Amino acid sequence: MAENGAHDSQMLKGVLSLALLRLLAERESYGYELVTQLHELGLTEIQDGSVYPALGRLERDGHVTSRLVASSSGAARKYYRPSRSGYAELAHIEVAWQSLVGALKPILARPVPAKPKEALP
Amino acid sequence: MRERRLRLADRLRIERAVQRVDWVLDGRVPIAKRRQVRNELRSNLVEAAQEVGAEKAIQQLGDLRALAVSYLELYRGRFDFQAGAIAAVITYAALQVLGLALILAFHAGVAAGGAHSGTYSLQFWSGFGPFSISVSADGRQFSMLLLSPAHLVLMAVAFAIGSSYRTVFARRSH
């Protein structure tokens, strides 16, 4: 998270699949409910309009399956859950994410010098 | 959170947003997939509107055009009938502009030839088109073909190229 609490939107786009698959692994859910869950987690910069196509992408790639469930609001809700390939993808992205965080941690732990060292001739 | 009752105006606002996304997909995404996108988007918007109101729900979607383009990239079909129709219309317009230019050039030729009266005509592929023009010597009257078999053939070719070039181009670039 940045100092002002905002997240980099490009960075968020990159990890959106991870977040969605992780949430769906916990509970079968539909588009707007997932948006609400992401917002509750503090990822308020994520727009509904980026979550819905991301779900479509996961479904197209076979990482989630869906089913329609009638709702009291009128239109049927489309509930998603991870497929077997989705669980494999989730494990793969989680490992990649942890490895990335692990690689960056030592760099980010160092104090930032006032001025970069001059390169040796 | 307390659920709001949606008024007719809210439902119309939601429907307008859904249609704005759908319009971009029209002729480019298979009909069944388009229906699915519309239904899911409508359902999510209704859910959101019940919590935050229709206006805010639509706002939360972000740029509707960008959303439509995301769906388009995801579900684009083999043929882009919208692009095909635009190519056909442009071809028709180009033929008519060319026809008008021919009339002007032909009339200039007639006038330069010293004609004072009568009507002069010029035809390419009589009966097939696309250009069959006549112009009076004084330039007050002229006629040109608005539609001919050649118009239809050329527009059909433009439609075919316009609607499939993306598929062909994508296949070649792979």
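Chain naming here is simple, since letters A, B, ... match the order of the sequence lines and numbering starts at 1 in each. Predicted model, so just to flag it, every value in this text is computed and none were measured.
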J.: With sequence neighbours left out, write down each residue that passes salt bridge (Lys or Arg N to Asp or Glu O under 4.0 Å) with A:R81, or none if nothing qualifies.
T.: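 With neighbours one apart ignored, the set is A:E28.
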J.: Taking side-chain contact (heavy atoms from CB on, under 4.5 Å) as the criterion, tell me which of B:L122, B:L95, B:I103 meets it with B:F131.
T.: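 Going through the options one by one, the only one that passes is B:L95.
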J.: Quick one: what part of B:E73 sits under 4.5 Å from any heavy atom of chain A, side chain, backbone, both or neither?
T.: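 Contact with chain A involves the backbone of B:E73 alone.
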J.: With a sphere of 6.0 Å drawn around CG of B:L147, does it hold more than 12 non-hydrogen atoms of other residues, nucleotides or ligands?
T.: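 Atom CG in B:L147 is crowded, with more than 12 foreign heavy atoms closer than 6.0 Å.
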J.: Name, in order of residue number, those residues of residues 16-24 of chain A that have a heavy atom at a distance of less than 4.5 Å from a heavy atom in chain B; otherwise write 'none'.
T.: none
J.: Cut-off 3.5 Å, side chains only: do A:H39 and A:T36 have a donor facing an acceptor?
T.: no
J.: Between A:A76 and chain B, with a heavy-atom cut-off of 4.5 Å, which part of the residue counts as in contact: side chain, backbone, both or neither?
T.: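 It is the backbone, since no side chain atom gets that close.
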J.: Where on B:L41 is there a heavy atom nearer than 4.5 Å to chain A: the side chain, the backbone, both, or neither?
T.: side chain
J.: Step through the shown structure and confirm whether more than 12 heavy atoms of other residues, nucleotides or ligands are within 6.0 Å of CD on B:E15.
T.: yes
J.: When you look at CD of B:Q141, are more than 12 heavy atoms from neighbouring residues, nucleotides or ligands closer to it than 6.0 Å?
T.: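 No, the 6.0 Å shell around CD holds no more than 12 heavy atoms from other groups.
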J.: Which atoms of A:R57 are under 4.5 Å from chain B, going by heavy atoms: the side chain, the backbone, both sets, or neither?
T.: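 Backbone plus side chain of A:R57, per the 4.5 Å heavy-atom cut-off to chain B.
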J.: Check whether B:Y92 reaches the backbone of B:L146 with its side chain - one donor and one acceptor, N or O, closer than 3.5 Å.
T.: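 Answer holds: yes.
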J.: For A:R27 and A:E33, what are the C-alpha separation, side-chain angles and deciding distance, and is it a salt bridge (Lys or Arg N to Asp or Glu O under 4.0 Å)?
T.: CA-CA 11 Å; A:R27 194 161 70 96; A:E33 193 177 48; 3.0 Å; yes
J.: Can you name the residues of residues 84-97 of chain A that have some heavy atom under 4.5 Å away from a heavy atom in chain B?
T.: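 Counting heavy atoms that sit under 4.5 Å from chain B, no residue of residues 84-97 of chain A is involved.
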J.: Tell me, for B:R11 versus chain A, whether the close heavy atoms (under 4.5 Å) come from the side chain, the backbone, both or neither.
T.: side chain
J.: So, A:S83 and A:T65: side-chain donor and acceptor under 3.5 Å apart, yes or no?
T.: no
J.: Do you see a donor-acceptor pair shorter than 3.5 Å between the side chains of B:K56 and B:Q59?
T.: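 Judged by distance alone, the side chains do not pair up.
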J.: As a test of understanding, state which of B:V69, B:L61, B:L67 forms a side-chain contact (heavy atoms from CB on, under 4.5 Å) with B:V21.
T.: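 The side-chain contact (heavy atoms from CB on, under 4.5 Å) with B:V21 is passed solely by B:L67 among B:V69, B:L61, B:L67.
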J.: In terms of heavy-atom proximity below 4.5 Å to chain A, should B:E40 be classed as side chain, backbone, both, or neither?
T.: side chain
J.: Please list all pairs meeting side chain to side chain donor-acceptor pair (under 3.5 Å) that have one or both residues in residues 103-121 of chain A, counting only residues at least two apart or in different chains.
T.: none
